[in-house]
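What follows is a single structure, written as structure tokens, with notes after it.
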2 protein chains.
Amino acid sequence: MTAVLVVDDDPHLLRALRITLQAHGYAVTTAVDGTSALLAATQNPLSLIILDLGLPDIDGTSVLKELRGFSSVPVLVLSARHGSEDKVEALDAGADDYITKPFGLDELLARLRALRRRSVEPDESLVVTEAFTIDLGKHRVTRDGEDIRLTPTEWKILEELVRNPEKLITQQQLLARVWGPAYAKETNYLRVYMAQLRRKLEPDTANPRHLLTEAGIGYRFMP
Amino acid sequence: MTAVLVVDDDPHLLRALRITLQAHGYAVTTAVDGTSALLAATQNPLSLIILDLGLPDIDGTSVLKELRGFSSVPVLVLSARHGSEDKVEALDAGADDYITKPFGLDELLARLRALRRRSVEPDESLVVTEAFTIDLGKHRVTRDGEDIRLTPTEWKILEELVRNPEKLITQQQLLARVWGPAYAKETNYLRVYMAQLRRKLEPDTANPRHLLTEAGIGYRFMP
DNA sequence: GCGGATCTTGACGCTGTCTTAACGGGCGCG
DNA sequence: CGCGCCCGTTAAGACAGCGTCAAGATCCGC
């Protein structure tokens, strides 16, 4: 079964969504403001959240950001605003989809199915190399069953690279994602941390086989 | 979380029950007749069912009998009839409790708690380590057969960690789930409580083997 | 209303992490 | 051949985060 939380302050819309969703096999919980929505998200194991941006207490985007602090549930945002800045802001805050009112129920259901399909729990996302094993779900790196301890920053860099295997990640992308967009010039950080990562992960630091440098551009992870 | 299905054809009562139950932490699904009730019971993994006997389509007792053909979910029956034959018939058909209208919400909630306590969840397993044993179902921790007393907050934290063995739980996840989403900044709490848990559970507090810290990120339980 | 348990809050020292700067080597190019 | 660019490496000081403790506030049962 799919458990979905619907957050909206309009009781009519809430009721309509409840009935429609239940008829399609969803288990529905509801909330009418941001505070109770966050509370419900902590108490219930959810599969999906439908979030209206116009809430009486907290701004919807803020709700989204706070939610992302402790949960990675797929979120579909409802909004009356068509502007592209609004969409960008919501999606950057962690939304997975965005739909504007008024909308057709058929479209909503289709989008929910798509979200559900897309969110295959990355629980068994094990990345194995001959030198070490990375468990993205459990947040662990091991070699021969032994834990390899990584600092938070080391982990974030490794995660960025490993989630895009074989793909070249530019230095600016890495810096922006790990330290924030304001640090795009601090390529020094990358040199320091890539060296630390190689020392911990690569058997032969001088000849890295998995954490590769693309001179002048960025870095690349090879499984 | 406890998922409860409420079956009643009176929309007012349905609404009142939904609000009350949700306020007490239940996830509520509803149905207005016997057919959809049985459908909902097949599609949702339920912990409890509240069933009104006076339904528009099928007789409530028949719904109960059919339900018992494929499910052993605890059922609390609502009825307007006080006669003891009615009670006997419903209980014989598989009901676990019987309450007559009108009823107090306090009583209903108390009966639900009792039902919930009585129904043994099969997936509530025992987690055993060399130092202590955790019984998630019975809500108990023991060492060498001796009870270890935990405060409510200590238990909630331990439960969150133990239900995700080996997995890293971020401080924000823990704070949100134990204290509520508004407490995401109070990492102090975690420091205090992790220390208390270790003092009670870990033989060597200085070298914890099961309750591990991931500095700057969160905590992890190792069996 | 009282007493004990539980929760909140603030302060402290310590450890590990991050930031920063400097140096050396490989490589391409003029 | 020498120069500049970029990378890897190292080390040291600044800083943040953790464990610990204890005292005050609050809750709860009797």
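Hydrogens, waters and symmetry mates are skipped; everything else that's a heavy atom, side chains included, is used.
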Between A:Y183 and B:R149, which has a closest nucleotide on DNA chain C that is more 5'?
-> B:R149
Mapping B:E186 and A:L150 to their closest nucleotides on DNA chain C, which lands nearer the 5' end?
-> B:E186
Nearest to side-chain heavy atoms of [X], which nucleotide of [options]:
X      : options               : result
A:N188 : D:dG8, D:dC18, C:dA21 : C:dA21
B:V192 : C:dT9, D:dT10, C:dC7  : C:dT9
A:T213 : D:dG8, C:dT6, D:dC18  : D:dG8

Begin from the C-alpha positions of A:E154 and A:K200 and carry the test salt bridge (Lys or Arg N to Asp or Glu O under 4.0 Å) through to its verdict.
-> CA-CA 10 Å; A:E154 286 166 4; A:K200 290 185 178 182; 2.8 Å; yes
If the cut-off is 4.0 Å, is [X] near the phosphate of [N], judged by side-chain N/O to OP1 or OP2?
X      : N      : answer
A:W179 : C:dC18 : no
B:R191 : D:dT20 : no
B:Y193 : C:dT6  : no
A:T153 : C:dC18 : yes

Separation of atom [atom1] in [X] from atom [atom2] in [N], rounded to whole Å:
X      : N      : atom1 : atom2 : answer
B:Y189 : D:dG19 : OH    : P     : 17 Å
A:L212 : D:dG8  : CG    : P     : 10 Å
B:L190 : C:dT9  : CG    : C1'   : 15 Å
A:I157 : C:dT19 : CD1   : C1'   : 13 Å
A:R199 : C:dT17 : CZ    : P     : 12 Å
A:K185 : D:dC6  : NZ    : C1'   : 17 Å
B:N207 : C:dT15 : CG    : P     : 13 Å
A:W155 : C:dT17 : CH2   : P     : 15 Å

The side chain to side chain contact (heavy atoms under 4.5 Å, CB included) partner of A:Y193 among A:T151, A:N188, A:V178 is A:T151
Contact class for B:Q171 (heavy atom, under 4.0 Å): base, sugar-phosphate, or nothing?
-> sugar-phosphate
Under 4.0 Å between any heavy atoms, over every strand shown, what does A:T187 touch: base, sugar-phosphate, or nothing? Just pick one.
-> nothing
Specify whether A:F132 and A:F221 have parallel, tilted or perpendicular ring planes, treating 30° as the upper limit for parallel and 60° as the lower limit for perpendicular.
-> tilted
State whether the number of non-hydrogen atoms from other residues, nucleotides or ligands found under 6.0 Å of A:R177 atom CZ is greater than 12.
-> yes
How do A:E214 and A:Q196 order along DNA chain D: which one's closest nucleotide is nearer the 5' end?
-> A:E214
CD of B:Q196 to CG of B:L150, rounded to nearest 0.5 Å, is 10.0 Å
